[in-house]
Amino acid sequence: MTCDPRVLRRPLLVGLIPAVWTVVLGLWGLSRQNSVWRDEAATWQVARRSTGDIVRMLEHVDVVHSLYYLCMHGLFAGFGPSTTVLRLPSVLAVAAAAACVALIGHRLAGAYVGLGAGLALGLLPAVQFYLQEGRPYALVAAGSAVSTLLLVNALRGRARKRTWAAYACAVLVCGWLNWLALLILPAHLITLLWSRAPRGVRVRWAVAAGAATAGVLPLALFSLDQSGQVSWVPPLTWHMMIGPAILLAIGGLGGLLGRRAGTGTGTAPGTGMGTAERTGVAGRTDRTGRAGPPDLADRAGRPGPAGTVEPPGPVTGSPSVAAVGLPLLAVPQLGLIGLSLVKPLFVDRYILFSLLGLALLIGALIGRAVDEVARRSRPAARCVLPVLVAVALVALLPQSLAKRSPASRVDDVLAAAERTRQLKHDGDGVLFIPAARRDTWLVTPDAFTGTRDIALAETPEKSGTLKGVEASPARVRAAMLAQRRILLVTDATGVARPTRGRRDRTKAEVLATHFTLVSDERIRGRRVAVYERLAPASGG
C-alpha cells in the first residue's frame, strides 16, 4: 500500500481520507457494550426534557453547556434516545476536525504533512476517548479546527469579509459550547505575530475576535454564579503537569524538525506538491528546490511546468506549520494552568482542541520522515505514511480497545439500572447516595417502574436541577422507616467519596440501624444493594 500521487494532487481527497478514517474509528465499538457513564447520563437526561424545562434548569446549573443541551434535545426528539444518537455528533465533529487539520497541513506544507496530521488526530489516545463521548468537547474541537483553517486561509491572502464573519461565528459557537474555548484566540494571535501578518489582517482578526468574545462574555459571566459545579476539580499539583509537559515536548520536537526540513513540507516525490515556503519567497519552487519567479498558472492551481500541479504560493505573512501548531498546542495548556492558579480548573477535556496543534506538529514530523526517505528512494517515500499509520494503530491497539470498554469510564448508569430492574419488587423504596446517582433512574425510568423514590421532594424538571430536591433529613428518616424493603443505588468502593451531607448521613445511619443487608452487588463502578427492615424487638 502506497500513497497514490494522484490523491496527493487533490486537496479534497487529502481532507476526505482523514475524515472517513476518523468516522471508522468512531463507529468501532460506539456503544461501549451498551454502557453510559455519569457525565453522558447528564446529557441524556437533560436532552429528554422539554425546551422549557431545559431553559429553567440552565438558570441554576450547567449554563456553560446550554447550546449543547439544546442541540442534543433536538436530536433526541428527532431520532430518539440511544447511545448512537448520544455519541455520533462527537464522531462526526472529530471527523470534521481531522479534515480541517489535513487541509491546514496541506496548504502550509504539502499533502504528506496534511494527511499525516489528519490521520494522526483520530489516533491520539485522548481524542479516541472523547471521540465516543456524549459531551460537547469534540464539537469544540471541530469549531476550533474550522476557525484555524479560516485563519490560515486569511494569512495566505484568501480572506474576504465573509471569511472573517465565518471566523467570528466559529469562535462564537465554540465559546457557547464551552467558554474556555476562547483560549484559542491568544493562540491565533501568536500565530499572527509569528507570521508577521500584515496590519490589515491583524485589524480584521481583532474585530472578529472581539465580536466573538463579546458574544460569549454574557455566558461566561453568568456561569461564574454556577462555579460550584467545578468544586470537585482538585488544586493544581506538580504531577498534573507531567501530561502537558510531555505534549509540549512532542510538539516542540515536531516544530523544530519541521523547520529544519524547510518548514516540514513533506513533499511527495514527483507529485509537484511542494510549496514556496522552502525558499521563504512568494513564488514557485522548481523540482530541484530552486526558487523561480511567481507563476500565475501555478498560483491559480493550474498545471505548471512539466505538467505538475502546484498549489497557490504563499503570500506575505503565510505561516509555517510550527507557527500554527505550537501556539495551538501550548497556549490553551498554559492558559488553563494559569487560570487554575486562581481557581482549580485543570481538566484536560476542557482544552481537547489544543490537540489539533499536536496533530499538525506530528504531521510535520511525518513530512520530515518522507523527505529523508525520498532522498534515497522516491517509491519508498510513498510507503512511509501508510507504514507509520499501521505501526501507530498496532502500538495503540491495547489503548484503543480499553477506551471502547465500559471499564474506561468511572461507572455505568445503564448496568446499574438493569440490575435494579432485576432486583426490584413492587412497592420497594429507592434511595440514592449521593443524590446525583439518581441519574440511574432519570436515564432509564422504566427500570424503576413499581418503586418509589422515598427521598425525593421535588422532581428535577420541576426544581430546574439535574438531580432534583430531596426532603429534609427528618422526613427522609420517616419515609425510610415506613418501608419494608429499600433498594440503594450508590457508588462502588473506590469510586465513592466520603458521605458529607447531613441527609446522606441520615440515610446511611437508618439503613445500618433499622435494616439488614440481603443483597449487595457491585457492577461497573456502581453498587446496587437491597435492604430489608429488621423485625422490631419483642418486649421483655
Side-chain angles (χ1 to χ4, degrees), residues 11-12 14-15 96-97 99-110 113-114 117-118 140-175 181-216 263-265 275-277 280-283 294 298-301 310-329 331-332 353-354 356-357 359-361 363-364:
L12 179 62
V14 171
C100 289
V101 165
L103 291 174
I104 292 168
H106 175 249
R107 292 176 184 179
L108 295 181
V113 172
V140 173
S144 300
V146 169
S147 66
T148 304
L149 177 60
L150 291 168
L151 181 72
V152 168
N153 285 342
L155 287 170
R156 288 172 56 82
R158 299 177 178 178
R160 298 180 176 87
K161 288 183 179 179
R162 62 189 180 196
T163 302
W164 292 113
Y167 176 88
C169 289
V171 176
L172 177 65
V173 170
C174 286
L182 292 180
L183 288 171
I184 200 171
L185 291 177
H188 286 172
L189 176 60
I190 292 176
T191 296
L192 288 168
L193 298 176
W194 189 337
S195 305
R196 299 179 182 179
R199 182 177 180 278
V201 172
R202 285 182 277 124
V203 169
R204 293 182 184 92
W205 173 84
V207 171
T213 303
V216 176
T263 74
T265 57
T275 71
E277 287 184 283
V281 296
D298 289 305
R299 292 182 64 82
E310 302 264 353
V315 297
T316 302
S318 180
S320 65
V321 173
V324 176
L326 277 177
L328 189 53
L329 171 62
V331 172
F353 62 90
S354 69
L356 301 171
L360 276 170
L361 295 166

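Numbering of residues begins at 1 and proceeds along the displayed sequence. These numbers come from a predicted model, not from an experiment.
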Calculate, to the nearest 0.5 Å, the distance between atoms OG and CG belonging to Ser144 and Leu182 respectively. 9.5 Å

Sequence neighbours excluded, which residues qualify as side-chain contact (heavy atoms from CB on, under 4.5 Å) partners of Ala323? Trp194, Ser195, Pro319, Ser320

For Leu189, all residues meeting side-chain contact (heavy atoms from CB on, under 4.5 Å), sequence neighbours excluded: Leu193, Trp205

Please report the closest heavy-atom contact between Ile190 and Pro327, naming both atoms and the distance. CG2-CG, 3.7 Å

Would Ser147 and Leu151 count as a side chain to side chain contact (heavy atoms under 4.5 Å, CB included) if you check the C-alpha gap in whole Å, the side-chain angles of each, and the deciding distance to 0.1 Å? CA-CA 6 Å; Ser147 66; Leu151 181 72; over 6 Å; no

List the steps, then state whether side chain to side chain contact (heavy atoms under 4.5 Å, CB included) holds for Leu155 with Thr191. CA-CA 10 Å; Leu155 287 170; Thr191 296; 4.0 Å; yes

Donor-acceptor pair, side chain of Arg156 and main chain of Arg107, under 3.5 angstrom: yes

Heavy-atom pair of closest approach, residues Val201 and Ala154: CG2-O, 4.4 Å

Spatial distance of atom CH2 (Trp164) from atom CG (Asn153) [nearest 0.5 Å]: 10.0 Å

Shortest non-hydrogen contact between Val101 and Gly118, atoms and distance: CG1-N, 4.0 Å

Taking all atoms of both residues into account, what is the closest heavy-atom pair of Ala168 and Ala212, and its distance? O-CB, 3.6 Å

Is there a side-chain contact between Leu183 and Val331, using heavy atoms and a 4.5 Å cut-off? no

If you count heavy atoms of other groups shown closer than 6.0 angstrom to CZ of Arg204, is the number above 12? no

With sequence neighbours excluded, what pairs up with Ala145 under the side-chain contact (heavy atoms from CB on, under 4.5 Å) test? Ala97, Cys100, Leu356

Minimum heavy-atom separation for Leu360 and Ala117, please, with both atom names. CA-CB, 3.8 Å

Mind listing the closest non-hydrogen atom pair of Thr163 and Leu150 along with its distance? CG2-O, 3.9 Å

